[in-house]
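Just so it is clear, the values below take in all heavy atoms, side chains as well, and ignore hydrogens, waters and symmetry mates. Remember, predicted model here, so these are calculated numbers, not experimental data. Just so we're on the same page: letters track the sequence lines, and every chain starts at 1.
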Amino acid sequence: MMRLYNTLTRSEEPFAPATHNAVRMYTCGLTVYARGHIGNFRTFVCTDVLRRTLKYLLGYDVKQVMNFTDVDDRTIAGAEKAGMDLRAYTDQYIAMFREDAQALGLEPVEEMPRATDEPNLAAMAKMISMLDRNGHTYRSDDSIYFKISTLPSYGRLARLDHEGMKPGARVDTDSYAKEDARDFVLWKGHRDGEPFWEYPALGITAGRPGWHLECSAMAQRLLGDTIDIHAGGVDLIFPHHENEIAQSEGATGKPFSRFWVHVEYLIVDEQKMSKSLGNTYTIPDVMAKGFRPSAVRLLLLSAHYRKQLNFTWDSLAAHEESLRRLTDFLARLDTVAGDGSHDAVQSRVDDARRAFAAAMQDDLNTAAALGAIFELVRALNSSIDAGDVGAGDVPVIRQAFDEFDRVLGVISLRRAEDARPPVPVDEIERLIEDRQAARRRRDFAAADRIRQELAARGVLLEDSAGGTRWKRK
RNA sequence: GGCGCCGUCGCCAAGAGGUAAGGCAGAGGUCUGCAAAACCUCCACCCCCGGUUCAAAUCCGGGCGGCGCCUCCA
């Protein structure tokens with residue numbers, strides 16, 4: 001059974017879904033007022049690996065919801081500034097998210113709801129009316145607030161004591177009128193020029209949803225009252241997730257999420273990467289510097305998800321190299337010539353599979369899992385050199401790597417990139433032919449020239465006994 | 001003022017009582033027309049000081065240093 005750290009209890013706990021074999025998982029997605037940066041994507045890559053571990057390693061069915069926040073102060077301000085309709089404005093960033101998600105090999109999740117989709121707004125309105133009925137709300141200045149004092153368990157996730165945040169704590173200076181500074185808004189009263197919705201039958205006058213409400217409502221609508229895992233970045237623990245719990249549990253009286261999983265920050269130059277600090281890099285930024293998304297994915301998985309990871313260009317370059325080691329090894333399997341199969345190889349592969357699975361089940365220890373893979377690579381490279389690997393072993397080895405990669409999703413990603421080299425494949429193949437002819441007539445100057453020209457265009461050639469292979473730089 | 005995390009080789013990073021995985025970089029070697037790849041060898045008393053223990057990178061106490069949350073934020 002997998003062990004997973006639960007922020008709610010601040011400890012690792014054995015994880016299994018509450019019902020049957022199906023995991024219901026919600027991930028807080030992106031607010032679509034700008035292109036997501038690789039810090040945002042750290043969370044999404046980690047939750048993707050969690051999802052894949054649950055699915056492919058543990059055999060659960062996974063139903064995952066990841067939302068887009070497409071109505072809030074920033075999206076509204078951005079749309080206004082751009083002179084665009086809110087929906088059209090946020091569409092752009094959703095499209096970019098999808099591009100980047102694909103580039104990083106994120107497996108599509110089952111649902112990607114937007115806050116402003118009508119069924120979601122209706123669900124939010126319904127949730128407010130449930131909170132009304134349970135006495136958790138009040139109205140002020142056309143807005144609707146959640147009254148924290150009505151919910152004694154408030155602050156349990158973030159471990160905040162109700163009185164604790166006094167001197168030095170910055171107080172929310174929201175211009176909406178609240179009875180208590182710590183109360184939060186469920187529904188913001190309509191202001192000129194802003195989009196609004198209303199549900200008079202439920203006593204909800206013109207306005208728009210507060211940020212926290214959408215996640216509670218959409219999670220409930222699409223996954224049910226109690227879900228198995230709720231995930232997001234550590235920065236969401238407070239106030240976002242705390243408030244989600246207040247809303248959902250205040251409305252239903254049932255526990256909202258059994259596990260809370262939080263991914264630590266990606267930092268850059270020893271500071272958190274965030275849009276407000278202006279130190280962000282996006283996938284296009286990374287590609288413009290000549291790096292590939294697969295290397296970003298590997299970098300993001302190179303450290304445990306609950307530890308801060310300091311992003312540097314040097315470490316991205318290092319991961320480009322280590323990924324190359326992996327793909328070089330897999331390419332080498334094609335050249336294995338010997339016959340038969342070997343027990344020693346099989347058991348070495350089994351050891352690695354066990355180590356990999358154990359690491360992933362140990363609170364998603366991707367760094368240790370990668371260690372197991374690289375140890376296997378060296379052992380098998382060594383065995384190949386010694387002639388101790390036969391053609392009969394190759395499928396077993398490939399199967400193991402397929403298994404690793406279904407979970408980590410990095411090798412297949414790199415292979416997809418490799419399949420689109422900067423020089424057309426038929427041209428590469430023709431040049432290899434030309435070069436082989438030159439080598440046969442021992443015209444090494446001509447052969448080297450061809451290799452250098454291709455290298456300058458981003459394609460490397462490697463000679464071996466079995467022939468010449470090419471790869472992307 | 002309150003709460004929390006972290007400090008392991010030049011860089012990245014596992015390990016969480018039994019004597020330091022892995023990747024990148026580096027040095028020497030084998031192989032090769034050359035190059036690349038690959039392999040072999042080399043490359044760490046785990047921030048400091050105390051304590052507990054037969055045994056501590058791992059536990060406890062105290063320092064020092066870094067980061068984060070309590071405000072919008074993945």
Side-chain angles (χ1 to χ4, degrees), chain A residues 10 27-31 33 36-47 69 72-74 155 158-161 163-174 182 211 231-240 242 262-267 270-277 298-299 302-304 306-312 314-326 328-329 331-332 335 355 359 362 365-378 380-386 439 442-445 447-448 451-452 455 460-465 468-469 471:
Chain A
R10 305 285 151 115
T27 305
C28 286
L30 202 61
T31 300
Y33 71 104
H37 54 72
I38 57 178
N40 298 127
F41 279 103
R42 181 183 190 192
T43 298
F44 305 140
V45 166
C46 289
T47 55
T69 296
D72 80 322
D73 292 351
R74 292 166 298 170
R159 303 270 160 114
L160 295 175
D161 75 80
E163 312 304 323
M165 22 183 181
K166 284 200 290 264
R170 287 155 290 191
V171 177
D172 183 359
T173 51
D174 203 330
R182 291 168 301 132
W211 175 37
V234 280
D235 47 339
L236 299 184
I237 294 173
F238 188 86
H240 186 53
E242 194 65 57
H262 291 102
V263 179
E264 255 295 352
Y265 284 124
L266 183 68
I267 60 178
E270 310 304 330
Q271 270 200 309
K272 117 192 206 189
M273 180 179 288
S274 82
K275 290 164 191 163
S276 49
L277 292 172
L298 183 63
L299 170 65
S302 69
H304 186 86
R306 282 195 290 116
K307 255 182 136 175
Q308 291 180 354
L309 172 58
N310 190 24
F311 173 85
T312 65
D314 282 349
S315 87
L316 185 55
H319 286 90
E320 283 280 1
E321 290 310 312
S322 75
L323 193 39
R324 190 155 300 166
R325 178 172 169 80
L326 232 39
D328 281 343
F329 168 73
R332 189 181 188 197
T335 68
D362 178 16
N365 192 341
T366 49
L370 285 165
I373 293 175
F374 280 103
E375 277 183 272
L376 179 63
V377 167
R378 187 158 51 77
L380 292 176
N381 265 323
S382 186
S383 299
I384 294 171
D385 278 359
R439 291 179 75 204
R442 304 195 65 79
D443 182 355
F444 295 121
D448 289 349
R451 187 168 59 200
Q452 282 156 19
L460 302 178
L461 300 186
E462 272 179 25
D463 299 325
S464 69
T468 298
R469 85 168 182 107
K471 64 180 180 182

Hey, what are the protein-to-nucleotides 23-26 of chain B N/O distances that come in under 3.5 Å?
unit_1: B:G23; atom_1: O2'; unit_2: A:Ser322; atom_2: OG; d: 3.1

### Task
Starting at CZ of A:Arg469, measure out to CG of A:Asp328 and round the result to the nearest 0.5 Å.
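If I round to the nearest 0.5 Å, the distance is 4.5 Å.
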
### Task
Sequence neighbours left out, what passes salt bridge (charged side-chain N to carboxylate O under 4.0 Å, His left out) with A:Arg74? Give chain and number order.
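If we apply the salt bridge (charged side-chain N to carboxylate O under 4.0 Å, His left out) test to A:Arg74, skipping adjacent residues, the hits are A:Asp72.
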
### Query
Residues in side-chain hydrogen bond (donor to acceptor under 3.5 Å, both in side chains) with A:Glu462, at least two apart?
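side-chain hydrogen bond (donor to acceptor under 3.5 Å, both in side chains) check on A:Glu462 returns A:Lys471.
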
### 5' precedence on RNA chain B between A:Val263 and A:Ser302 (nearest-nucleotide basis)
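Upstream on the strand: A:Ser302.
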
### Query
Given that A:Gly371 and A:Asp235 both sit by RNA chain B, which one's nearest nucleotide is further toward the 5' end?
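Going by which nucleotide is closer to the 5' end, it is A:Gly371.
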
Contacts of [X] that satisfy ring-ring contact (aromatic ring centres under 6.0 Å, His included) - sequence neighbours left out:
X	value
A:Phe374	none
A:His240	A:Trp211, A:His212
A:Phe44	A:Phe41, A:Phe97

Can you find a donor-acceptor pair, distance only, under 3.5 Å between [X] side chain and [N] base?
X	N	result
A:Arg159	B:G4	no
A:Arg451	B:C34	yes
A:Asp448	B:G33	yes

### Task
From the options B:C69, B:A14, B:C34, select the nucleotide whose nearest atom is closest to the side chain of A:Phe238.
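That would be B:C69.
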
### Query
Would one find a side-chain N or O of A:Lys272 under 4.0 angstrom from OP1 or OP2 of B:A74?
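Checking B:A74 against A:Lys272, no side-chain N or O comes under 4.0 Å of OP1 or OP2.
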
